[in-house]
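Note sheet for the following structure.
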Amino acid sequence: MSKPRLLVSALFAPTLREAPKDAILPSHRLLLRAGYMRQCAAGIYSLLPLAVRSLDKITAIINEEMGAIGAQRLAMPCLTPAALWKKSGRLDGAGEELIQLKDRKKADFVLGPTHEEVITDLVANMLTSHRQLPLLLYQLDRKFRDEARPRSGLLRCREFWMKDLYTFDASVEGARQTYAAVCGAYSRIFARMGLPVVRAEADTGNIGGEMSHEYHLATAAGDDHVAVCSKCSYAANLEIARSRVTAPPTSAPLEHSDAAIAGLLRDVGLGEMSKCILHATLVEASTPTSTPTLFVWPASRTFSPLKAKCATLSNTPQEDAASRAKALLASGAPLSIVLDQSLGEVPRGVRTVTVTTSDVTEIIEGDGCPCPGCQGTLTLKRGLELGHAFLLRQRYSVPMGAMFAGDNGLQPAEMGCYGIGVSRLLAAAAEAFHDDRGLALPLPISPVRVSIVAQTAVTGLAEETYDRLNALPSLRGEVLLDTSERSLGEKMKMSELLGVPYMIVLGSRAVGASDLEVHVRATGAKVRLTHTQLADTIDARLAEFEPKSTV
């Protein structure tokens with residue numbers, strides 16, 4: 001029995017003339033208007049058939065590239081015991097975004113935003129020998145996060161689809177090789193989807209580990225800022241981006257609070273540093289053996305606690321920080337001063353205190369690239385994070401007991417974790433590829449590849465064209481036919497709103513005529529073809545997007 005034709009009239013895609021007023025971003029507005037999704041509650045959405053078709057294509061690409069590096073797919077529970085999070089040490093610091101609940105027996109559970117604990121506990125119960133490693137396991141499933149302000153549709157919601165991969169190696173060298181292999185697979189995944197991403201160095205955050213990279217799509221809807229070099233491949237999240245400062249801060253008249261900091265610097269032999277407006281903060285000793293540290297930076301830059309490795313900062317005014325530092329010096333107590341690298345080298349003749357320079361401020365546009373020998377400059381771009389890679393090392397394997405028998409007895413596995421926001425990818429593509437007429441999704445992840453719109457008078461010819469195209473291997477199940485009673489103009493607007501890459505237009509003059517018109521959604525081009533040329537031309541266009549061998 002042959003499958004029925006895919007008809008617009010039968011498609012469950014309830015479109016909207018106007019988007020809800022709270023839908024601000026283009027991706028949010030258009031995915032609602034085009035009938036890809038509907039809101040169930042704040043930050044919770046039902047994904048309708050068009051969205052599911054796109055997500056199926058996204059997951060197919062992910063599955064192929066994960067399989068190419070030897071990863072195996074499994075499924076883990078969304079509802080997991082809170083005891084596992086307590087065992088790893090993450091439960092107390094998880095915050096309100098972690099959804100916690102009790103069952104009827106009052107046992108504590110969480111709805112998983114990530115699955116490091118679950119996968120490590122699973123592997124710990126079966127891992128015995130290094131011969132079982134490396135092991136790469138991933139899942140594609142729903143995650144949960146109780147966002148304080150869910151917004152922007154699928155970009156920031158409380159329930160979302162994610163691909164998370166977890167890797168286990170017998171050595172740190174093996175873990176780093178696996179990290180490189182996964183990052184290569186990620187680059188291929190995004191390239192195959194038609195998404196131009198930037199791979200950026202990133203902070204490990206509360207996930208932990210030794211090294212981390214994010215994959216960002218440059219768009220105004222991004223939550224992050226990414227520093228990108230104009231000449232080499234260096235890129236990093238603004239939080240941790242490094243730079244080579246090429247120009248010293250300019251001098252300026254000092255205000256009272258700045259004068260207090262300048263006076264302190266003169267007292268310890270750093271008078272040359274006090275010719276520009278400075279800001280400072282004092283971080284008190286956190287342990288009996290640590291030393292209070294005064295961080296000093298030019299007012300033209302922004303202090304970065306993350307780069308300075310400060311967990312917390314005092315909220316004391318500038319003048320109070322200088323006064324407190326002076327009091328420490330007067331009492332003979334130890335004090336360290338850390339100058340931002342933009343202030344230049346520490347001069348000779350410093351008295352009483354330990355003074356060092358370090359990169360403790362955020363980069364600003366025009367800073368030099370930190371890579372040796374590179375003369376490029378850094379620019380800032382807004383980025384939307386689509387994927388994240390972490391080299392965890394033993395962050396979870398030690399507390400969770402994921403050990404194997406090695407040459408020196410029991411050894412903890414070296415781990416990595418790697419995520420891709422699957423439902424977020426769809427929204428990101430909509431954000432990056434749209435115009436005032438609707439969506440213009442990249443062909444590899446568009447829900448259908450071709451639409452046929454026809455006037456009622458040529459319905460028979462439209463059905464013949466559909467059957468001929470649908471018989472092609474590259475278009476089987478990928479053609480959408482609109483033979484409804486609406487006007488031809490309305491049907492064309494519908495196809496453009498949905499973002500179908502190729503629209504074939506059949507007017508009444510096409511009966512017995514030798515040509516028809518193909519509209520290319522991405523470029524706006526219109527190509528006139530004969531009926532005999534159509535199948536071969538479309539098939540050739542689609543072949544350009546078929547995956548190439550990665551072997």
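Side chains are part of it too, since the values below use all heavy atoms of this structure and drop only hydrogens, waters and symmetry mates.
- For the atom pair CG (L498) and CZ (R33), the distance works out to 10.5 Å, reported to the nearest 0.5 Å.
- For the pair H216 and N237, the tightest heavy-atom approach, listed with the atom from each and the gap, is NE2-ND2, 4.2 Å.
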Checklist entry - Hey, mind stepping through V453 and V8 against side-chain contact (heavy atoms from CB on, under 4.5 Å) and telling me if it holds? => result CA-CA 10 Å; V453 298; V8 168; over 6 Å; no
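- Note on ring orientation: taking the six-membered ring where Trp is involved, the planes of Y215 and F190 are tilted (angle from 30° to 60°).
- Ring geometry for H28 versus Y45: interplanar angle over 60°, hence perpendicular rather than tilted (30 to 60°).
- For the pair A71 and L165, the tightest heavy-atom approach, listed with the atom from each and the gap, is CB-CD1, 4.0 Å.
- With hydrogens and angles ignored, the 3.5 Å screen pairs no side-chain donor or acceptor of K163 with any backbone N or O of Y138.
- Closest of all the heavy-atom pairs between L55 and S423 is CD2-CA, 4.0 Å.
- Annotation: side chain of R521 is in contact with side chain of E496 (closest heavy-atom distance under 4.5 Å).
- L439 contributes atom CG, which lies 6.5 Å from atom CG of L497 (distance to the nearest 0.5 angstrom).
- Under the 3.5 Å distance criterion, the side-chain polar atoms of D56 are left unmatched by any main-chain donor or acceptor of T59.
- Closest approach of Y396 to I207, counting heavy atoms only: OH-O, 2.8 Å.
- Using a distance-only test at 3.5 Å, with no hydrogens or angles considered, no donor-acceptor pair links the side chain of Y166 to the main chain of L135.
- Contact annotation: the side chain of L469 approaches that of I452 to within less than 4.5 Å [non-hydrogen atoms, C-beta and beyond].
- Between E414 and the options R395, R393, R176, a salt bridge (Lys or Arg N to Asp or Glu O under 4.0 Å) holds for only R393.
- Taking all atoms of both residues into account, the shortest heavy-atom contact from L91 to A82 is CD2-O, 4.0 Å.
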Item to check | Step-by-step side-chain contact (heavy atoms from CB on, under 4.5 Å) determination, C374 to C229 | outcome: CA-CA 9 Å; C374 180; C229 178; 3.7 Å; yes
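- Side chain of R29 to backbone of I24: a donor-acceptor contact under 3.5 angstrom is found.
- Looking only at distances, a side-chain donor or acceptor of K307 sits under 3.5 Å from a matching main-chain atom of T361.
- Using modelled atom types, one finds a donor on one side chain and an acceptor on the other under 3.5 Å when comparing R90 with T114.
- Separation of atoms CD (E97) and CZ (R145) is listed at 6.0 Å; rounding is to 0.5 Å.
- Formation of a donor-acceptor pair under 3.5 Å by the D367 side chain with backbone atoms of I364 is found in this model.
- Judged purely by atom type and a 3.5 angstrom limit, T15 has no side-chain atom pairing as donor or acceptor with the backbone of G35.
- Between the side chain of S495 and the main chain of M492, no donor-acceptor pair closer than 3.5 Å is present.
- In this structure, CD1 on I420 lies 4.5 Å from CD1 on I62, to the nearest 0.5 angstrom.
- The side-chain heavy atoms of V123 and L137, taken from C-beta on, include a pair separated by under 4.5 Å.
- Taken from CZ in R38 to CG in L32, the straight-line distance is 6.0 Å, to the nearest 0.5 Å.
- With respect to the salt-bridge test (charged N to carboxylate O, under 4.0 angstrom), the residues K526 and E517 do not qualify.
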Checklist entry - Which is it for S88 and E116 under the side-chain contact (heavy atoms from CB on, under 4.5 Å) test, yes or no, and what are the steps along the way? => result CA-CA 9 Å; S88 73; E116 285 80 6; over 6 Å; no
Next on the checklist: Please evaluate residues I363 and L380 with respect to the criterion side-chain contact (heavy atoms from CB on, under 4.5 Å), reporting the C-alpha separation (whole Å), side-chain torsions for both, the decisive distance (0.1 Å), and the verdict.
Outcome noted: CA-CA 9 Å; I363 71 105; L380 287 174; 3.7 Å; yes
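- If you take CG on L475 and OH on Y466, they are separated by 10.0 Å, rounding to the nearest 0.5 Å.
- Counting only heavy atoms from C-beta outward, the side chains of K381 and V198 never approach each other to under 4.5 Å.
- Relative orientation of the F390 and H388 rings is parallel, given thresholds of 30° and 60° on the angle between their planes.
- A donor-acceptor pair under 3.5 Å is formed between the side chain of R476 and the backbone N or O of A471.
- H213 pairs with exactly one of Y418, Y186, Y179 by the side chain to side chain donor-acceptor pair (under 3.5 Å) rule, that one being Y179.
- A donor-acceptor pair under 3.5 Å is absent between the side-chain atoms of D164 and the main chain of L140, judged by distance alone.
- Annotation: side chain of L74 is in contact with side chain of I119 (closest heavy-atom distance under 4.5 Å).
- The heavy-atom pair separating F433 from G194 by the smallest distance is CZ-O, 3.5 Å.
- If you check the side chains of E431 and T219, you find no donor sitting under 3.5 Å from an acceptor.
- When side chains are defined from C-beta on, L154 does not count as touching R424, because their heavy atoms never get closer than 4.5 Å.
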